[in-house]
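So the structure is just underneath, and the comments pick up after that.
Each ligand, and each atom within it, is numbered from 1 in the order the structure gives.
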Amino acid sequence: MNYENSLDFARQLDQNDSLRHFRDRFHIPQRDGVPLTYLCGNSLGLQPKTAREALEQELITWQNLGVEGWFDKTEGADQPWLGYHTTCKEALSQIVGAEPSEVCPMNALTVNLHLLLASFYSPGVDSPGVDSPTQKKYKILTIKGDFPSDQYALETHVRHHGLKPAETIIEVAPRADDGLIHTTDIQHAIAEHADSLALIWMSGVNYYTGQVYNMAVIAETAQRHCIPIGFDLAHAIGNVPLRLHDWGVDFATWCSYKYLNGGPGAISGVFVHEKHHQQNLPRLAGWWGYREDRRFEMTPGFLPAPGADGWQVSTPNILALALHRAAISITAEAGIVALRQKSEQLTGFLEYVLTPFDAIQILTPDDPNQRGCQLSLLVRKNGKALFNYLTEQGIIGDWREPDCIRLAPTPLYNTFEEVWRVGEALRKFL
Ligand SMILES: *Cc1c(COP(=O)(O)O)cnc(C)c1O
């Protein structure tokens, strides 16, 4: 697309945007009665206007029915609390490219990662079906500088098995010249360590640079070497199209408070590929992952519910699920393909309005296939002052020490005019 740096041009793009009415579905934060230019959906997505009503509905059920709310429903509700999670499956499976049985909302991202590592990383234990880690196969391949929570989870699992992180975790590093992770470097690392690798775990989108990894190709390489692979989709879900089932990804987890707008600390979810559903994988179980038809028999001996549901542990937070359901239904309604199409234009426009400023170096790849909504700006001189100025001007991004500003125009509620305003603010400051 040929861009033009003018207000008229930006407004024209907004006029032609078939998704523009979705902005009205969200509360846009204001300052002194003026809507903020909110470019922080990569950190905390905005509140859908349906969130309050969804929450209210379950508060009414609780108020009127008490414990019976698990089996009964009040007027206006379509689902008792028991089985409530199943009402999220259609939208979730569409968003991540999965079968409904392969996904289940539950817990929080890092908690889910621990549960999934218990199933997919157990060095020394033989388990049929997965190419299970043996004495020889015990290493984990990951990305250097991935999100700290993931690093802590991997490190502590390794220690839990009596292994040493330094000898067990292999990190693929970004290249020195462009600061990016190259797919071929990951493929080479997989091939080189194939004999000792028990697991590959990495993010799908880098939280810092905004780089989108080629998950399809990496998953294909992993399968070729019979190494289970899982993805952290915190920055990928609701941001870029995913085809977890077709790609043959073994497992994944995500958070839903970023691009999925589920609210602060919103409920996470897991994906477990169908190919593992019939296997009795090791797991850290709880009663909510027990077969639903027999859960209340309260008998000893864990029998997992079929599919991803069998990874549930505890009674779900229904209020969080209600918010989650309201939020993902908006993403599913807009459709990830249409969202992605607008997103490429929005972010392309942001890149375009940033081009004239030599003080700003964009860390995110310029290839649209290697990025999502977010652009990460490296501002070596006066970065913090620039960030503060943008905030004063009502432009909300986020700051990563020591010199990085992340801006994420999201296709559900941001406009081209807002992106144009970023360029104007920069011109005044620089
Ligand atoms: C945001 C984010 C998390 C957050 O994990 P929580 O368990 O939800 O706190 C994890 N990993 C990545 C890559 C993230 O971007």
Please write down residue, atom name and distance for the protein heavy atom closest to [atom].
| atom | result |
| --- | --- |
| atom 3 (C) of ligand 1 | Phe147 CE2, 3.4 Å |
| atom 11 (N) of ligand 1 | Asp232 OD2, 2.8 Å |
| atom 15 (O) of ligand 1 | Lys258 NZ, 2.6 Å |

Give the atom numbers and elements of ligand 1 that come within less than 4.0 Å of a heavy atom of [X].
| X | result |
| --- | --- |
| His235 | 15 (O) |
| Tyr257 | 1 (C), 4 (C), 5 (O), 6 (P), 8 (O), 9 (O) |
| Asp150 | 10 (C), 11 (N) |
| Thr110 | 5 (O), 6 (P), 7 (O) |

Salt bridge (charged side-chain N to carboxylate O under 4.0 Å, His left out) partners of residues 200-220, not counting sequence neighbours, each pair once: Glu220-Arg224
Trp201-Phe251 aromatic ring centre distance below 6.0 Å: yes
Aromatic ring proximity Phe120/His276, centre distance under 6.0 Å: yes
Donor + acceptor pair across side chains of Asn112, Ser268 (<3.5 Å): yes
Residue pairs passing the side-chain hydrogen bond (donor to acceptor under 3.5 Å, both in side chains) test where at least one lies in residues 372-382, sequence neighbours excluded: Asn42-Gln374, Gln374-Ser376
His225 to Ala194 - nearest heavy-atom pair and separation: ND1-CB, 3.6 Å
Ligand 1 contact on Ser149 by region, counting heavy-atom pairs under 4.0 Å: neither
